[in-house]
Amino acid sequence: MIPPEEMNELIDKHAEMAYAAAYRLTCNHADAADLVQEAFLRVINKAGLYNKDLDFGGWLRRVIFRVYLNRKRGESRRCEVPLEVSEADRLSPIEELSDPAGSPDSIAEKNELQADIEAALRGLPADMRACVILVDVERRGYEEAADILDWPVGSVAGRLFRARRLLRASLAGYEGEKI
Amino acid sequence: MICAIFRNMADLYAEGRLAGFQKRWMERHAAACPACTAELAAWKRMLAGLRDIPVPQVPSNLKEMLRSALVGRVLEETEPAEEISGFIFPGRSWEPSMALAAGLVALALSSSISAIGPGIPSQGYPEETVYYTQRG
């Protein structure tokens with residue numbers, strides 16, 4: 001059992017990391033908070049497996065990715081955003097972007113590119129998005145991503161290959177080869 | 001054809017995952033093919049853009065929300081680390097060693113009873129039936 005004081009400490013230490021991973025997966029604040037809460041609950045329910053020497057953050061991250069993918073798999077109706085990004089997505093302001101360096105033009109261009117990349121990322125199927133987030137966004141190795149997702153390394157590499165080409169095609173399509 | 005191969009490996013090159021001879025081949029081809037050079041630059045920008053996606057801001061009330069949802073449940077809902085091993089009968093749970101011992105005792109009893117018991121009546125010899133015929 002995890003004592004409440006220790007649970008508070010774990011929340012303080014890992015909530016932000018968990019939320020960042022969840023938000024990147026879900027692209028939505030409400031779903032991200034819900035996913036983080038469910039992941040913490042699952043970890044608590046397995047409290048007998050907890051010990052202080054454990055990499056709690058890694059465990060939580062695994063749970064977040066697996067819960068997310070299971071949810072997506074279980075959804076009877078898939079509501080994926082199409083790869084052709086809508087005008088609304090393209091013009092929506094990016095709340096979290098911050099780039100201190102460079103001229104205003106280059107900042108604007110970079111922010112626009114990142115907005116486009118994020119919008120294209122949202123359009124990927126869940127399993128491909130998970131691979132891209134782990135390997136390309138969080139810069140983890142293929143082996144580590146495979147461990148987190150509990151897939152063979154070849155599955156990660158294959159999905160990543162397809163995901164990158166979908167992203168590339170999506171970006172080239174509406175940006176006029178800007179990148 | 002060569003450009004298609006180049007494009008299939010462009011992301012791996014940009015990621016630094018190719019072996020030395022593959023890298024050299026890619027560089028030689030890129031030097032001779034402007035279209036592939038542009039393609040490679042596009043891949044590099046896209047991958048750099050992915051790496052630069054900012055960390056999302058965490059809502060200020062996230063930790064409080066988690067605390068209120070979780071801390072109360074820490075005491076209520078905890079599962080044991082492993083499932084209880086053994087056989088569960090209504091009202092009692094036997095350890096595997098006890099179940100094994102009980103099984104062996106039952107086997108010994110049943111075999112000894114069949115060895116010393118009276119046997120099954122139908123297995124006995126039938127009584128001989130003697131028929132007499134009267135002569136004369």
Side-chain angles (χ1 to χ4, degrees), chain A residues 1-8 10-12 15-24 27 29 32-33 36-37 40-41 43-50 94-99 110 113-114 116-118 120-121 132-133 135-139 142 160-161 164-165 167-168 171-172 177-179, chain B residues 3-19 22 34-85:
Chain A
M1 189 172 72
I2 307 175
E5 312 79 50
E6 208 165 317
M7 178 50 69
N8 270 329
L10 290 173
I11 289 173
D12 281 339
E16 287 173 12
M17 173 281 295
Y19 185 83
Y23 182 80
R24 281 172 173 158
C27 308
H29 287 293
V36 171
Q37 186 173 327
F40 266 102
L41 272 177
V43 169
I44 287 172
N45 286 339
K46 296 285 177 196
L49 296 173
Y50 173 74
I94 304 298
E95 305 157 11
E96 299 89 359
L97 282 182
S98 59
D99 189 339
K110 195 172 180 185
L113 171 63
Q114 281 194 329
D116 294 342
I117 287 175
E118 287 189 10
L121 195 57
V132 171
I133 287 168
V135 176
D136 288 338
V137 179
E138 298 186 359
R139 303 167 85 167
Y142 286 25
L160 196 60
F161 182 88
R164 283 172 176 171
R165 271 140 194 87
L167 280 177
R168 176 83 187 86
L171 292 169
E177 297 288 348
K178 188 176 74 182
I179 61 170
Chain B
C3 290
I5 296 170
F6 182 95
R7 283 165 193 232
N8 265 341
M9 298 201 300
D11 57 326
L12 298 177
Y13 176 84
E15 214 185 354
R17 283 193 169 265
L18 294 183
Q22 291 171 315
C36 286
T37 307
E39 178 73 12
L40 186 59
W43 273 106
K44 283 182 176 171
R45 280 198 70 187
M46 192 187 88
L47 293 176
L50 283 169
R51 280 195 298 272
D52 290 344
I53 287 179
V55 176
Q57 283 180 353
V58 178
S60 54
N61 62 344
L62 177 76
K63 289 178 183 173
E64 284 313 309
M65 185 197 75
L66 282 174
R67 272 191 197 99
S68 60
L70 302 178
V71 171
R73 299 183 70 158
V74 171
L75 296 172
E76 293 169 16
E77 296 183 15
T78 49
E79 284 178 7
E82 300 168 13
E83 288 185 3
I84 296 167
S85 56

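Small disclaimer: the values here were computed from a predicted structure and weren't measured. Within every chain, numbering begins at 1; the chains are lettered A, B, ... in the order of the sequence lines, protein sequences first and strands thereafter.
What you find for A:Ala15 and B:Leu62 is that their closest heavy atoms are O-CD2, 3.8 Å. What you find for B:Gly49 and A:Ile117 is that their closest heavy atoms are CA-CD1, 3.6 Å. The shortest heavy-atom contact between B:Glu39 and A:Arg168 is OE1-NH2, 3.3 Å. In terms of heavy atoms, B:Trp43 sits closest to A:Arg165 at CH2-NH1, 3.9 Å. Pairing each heavy atom of A:Asp12 with each of B:Lys63, the nearest pair is O-NZ, 3.5 Å.
For B:Arg17, the part sitting under 4.5 Å from any heavy atom of chain A is the side chain, from C-beta outward, and nothing else. In this structure, the portion of A:Arg139 lying under 4.5 Å from any heavy atom of chain B is its side chain and not its backbone. Using a 4.5 Å cut-off between heavy atoms, A:Leu121 contacts chain B through its side chain alone, with no backbone atom that close.
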For B:Leu12 and A:Arg164, run side chain to side chain contact (heavy atoms under 4.5 Å, CB included): C-alpha distance rounded to whole Å, both residues' side-chain angles, the deciding distance at 0.1 Å, then the answer. CA-CA 11 Å; B:Leu12 298 177; A:Arg164 283 172 176 171; 4.3 Å; yes
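Top candidate by heavy-atom pairs under 4.5 Å with chain A, chosen from B:Glu15, B:Lys44, B:Arg7, is B:Glu15.
Using modelled atom types, no side-chain atom of A:Glu118 and backbone atom of B:Ile53 make a donor-acceptor pair closer than 3.5 Å. No donor-acceptor pair under 3.5 Å is formed between the side chain of A:Arg24 and the backbone N or O of B:Pro56.
Side-chain contact check for A:Phe161 versus B:Asn8: some heavy-atom pair is nearer than 4.5 Å.
In this structure, CG on A:Leu167 lies 5.0 Å from CE on B:Met46, to the nearest 0.5 angstrom.
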